[in-house]
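The structure appears right after this line, and notes come after that.
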Amino acid sequence: MEIDKQLIEAAQAQNGMLQYQTIVTSATHTITADEPVSMEGGDTGMNPYSLLLASLASCTAITLRMYIIRKMWIVEQVTVNTNLYKAENGTLIERQLSFTGELTDVQKDRLIQIANACPIHKILVGNIEIKTSLN
């Protein structure tokens, strides 16, 4: 039985004979992923862990900017730093937010709530299933 599903986004990754260098495409955009030299890669792009963190950090920054614009708050810059750790109970991602602008403590607290509502955050902490098949 087929479950109901709605396509949100699609991406494709291809690699060839250049060790681990992988070309990733989505719509009209292309990035290069790779492994660092220490893992026998060519270090020609971000590794998959970095791409995961980049996805969370960029989604968080965009979501925060959308909210800041809607509220007409004076914020010149939003910075999101993320770190990935192996922890005793699995995986831990730490995310730090910083802002350049005029924000009260109440506004900053609200922005933490908004950060936790970004779509990638919701995916990472939600019920996720990955189905793999052959073409």
Side-chain angles (χ1 to χ4, degrees):
M1 181 172 82
E2 184 70 19
I3 60 170
D4 283 340
K5 57 187 177 183
Q6 178 184 354
L7 182 64
I8 297 171
E9 190 61 63
Q12 179 184 57
Q14 286 186 315
N15 60 25
M17 300 301 292
L18 290 176
Q19 196 69 2
Y20 304 126
Q21 184 185 65
T22 301
I23 305 304
V24 182
T25 57
S26 180
T28 61
H29 304 285
T30 302
I31 60 172
T32 301
D34 203 346
E35 288 291 336
V37 174
S38 63
M39 298 292 292
E40 300 182 12
D43 200 24
T44 60
M46 286 191 271
N47 69 54
Y49 293 117
S50 295
L51 289 169
L52 176 69
L53 292 177
S55 180
L56 176 62
S58 62
C59 183
T60 301
I62 291 167
T63 301
L64 290 169
R65 179 55 66 190
M66 288 176 174
Y67 188 80
I68 288 165
I69 289 169
R70 195 175 90 221
K71 291 295 187 176
M72 294 187 288
W73 292 348
I74 300 170
V75 177
E76 291 85 29
Q77 185 169 324
V78 174
T79 302
V80 180
N81 291 307
T82 54
N83 292 300
L84 181 68
Y85 299 96
K86 183 176 181 177
E88 188 175 302
N89 294 334
T91 302
L92 170 66
I93 296 175
E94 289 183 348
R95 175 175 53 185
Q96 283 190 321
L97 311 176
S98 61
F99 305 96
T100 303
E102 301 173 18
L103 291 170
T104 67
D105 288 342
V106 171
Q107 289 171 321
K108 289 177 185 176
D109 289 343
R110 180 65 179 141
L111 289 173
I112 290 172
Q113 293 173 338
I114 297 302
N116 290 335
C118 98
I120 298 299
H121 177 106
K122 288 180 176 181
I123 288 170
L124 290 173
V125 300
N127 182 19
I128 187 168
E129 181 180 347
I130 299 173
K131 292 185 176 186
T132 304
S133 63
L134 293 173
N135 238 355

Looking only at the side chains, is there a donor atom on one of E9 and S26 sitting less than 3.5 Å from an acceptor on the other?
yes

Side chain to side chain, T30 and V24, heavy atoms closer than 4.5 Å:
no

Can you give me the closest heavy-atom contact between K122 and A117, atom names plus distance?
CE-O, 3.3 Å

CG (L84) and CD (E94) are apart, to the nearest 0.5 Å, by 10.0 Å

Establish, from distance only, whether the side-chain atoms of S98 and Q96 form a donor-acceptor pair under 3.5 Å.
no

Do I123 and L52 sit in the same hydrophobic cluster, where Ile, Leu, Val, Met, Phe, Trp and Tyr count as joined when their side-chain heavy atoms come under 4.5 Å apart?
yes

How long is the straight-line distance from CD of E40 back to CD of Q19, given to the nearest 0.5 Å?
6.0 Å

Above 12 or not: heavy atoms from other molecules or residues under 6.0 Å from CD1 of I128?
yes

Is there a path of hydrophobic side-chain contacts, each under 4.5 Å between heavy atoms, that joins I120 and I93?
yes

What's the separation between atom NZ in K108 and atom CZ in F99, rounded to the nearest 0.5 Å?
8.5 Å

Side chain to side chain donor-acceptor pair (under 3.5 Å) with Q21: of D34, T32, N15, T44, only one passes, and it is T44

Roughly how far, to the nearest 0.5 Å, is CZ of R95 from OG1 of T60?
4.0 Å

Under the side chain to side chain contact (heavy atoms under 4.5 Å, CB included) criterion, do W73 and Q107 qualify, and how do the steps go?
CA-CA 9 Å; W73 292 348; Q107 289 171 321; 3.1 Å; yes

Say whether I112 and V80 are linked into one hydrophobic cluster, either directly or through other cluster members, by side-chain heavy-atom distances under 4.5 angstrom.
yes

Give every donor-acceptor pair under 3.5 Å between a side-chain atom in residues 63-72 and any protein atom, sequence neighbours left out.
residue : atom : partner : partner atom : Å
T63     : OG1  : C59     : O            : 2.8
R65     : NH1  : V75     : O            : 2.9
R65     : NH2  : V75     : O            : 3.4
Y67     : OH   : R110    : NE           : 3.0

Does one hydrophobic cluster hold both L53 and L92, with members joined at side-chain heavy-atom distances below 4.5 Å?
no

L124 with L97, same ILVMFWY side-chain cluster at under 4.5 Å
no

Would L56 and H121 count as a side chain to side chain contact (heavy atoms under 4.5 Å, CB included) if you check the C-alpha gap in whole Å, the side-chain angles of each, and the deciding distance to 0.1 Å?
CA-CA 6 Å; L56 176 62; H121 177 106; 4.0 Å; yes

Euclidean distance, E76 CD relative to T100 OG1, rounded to 0.5 Å:
6.5 Å

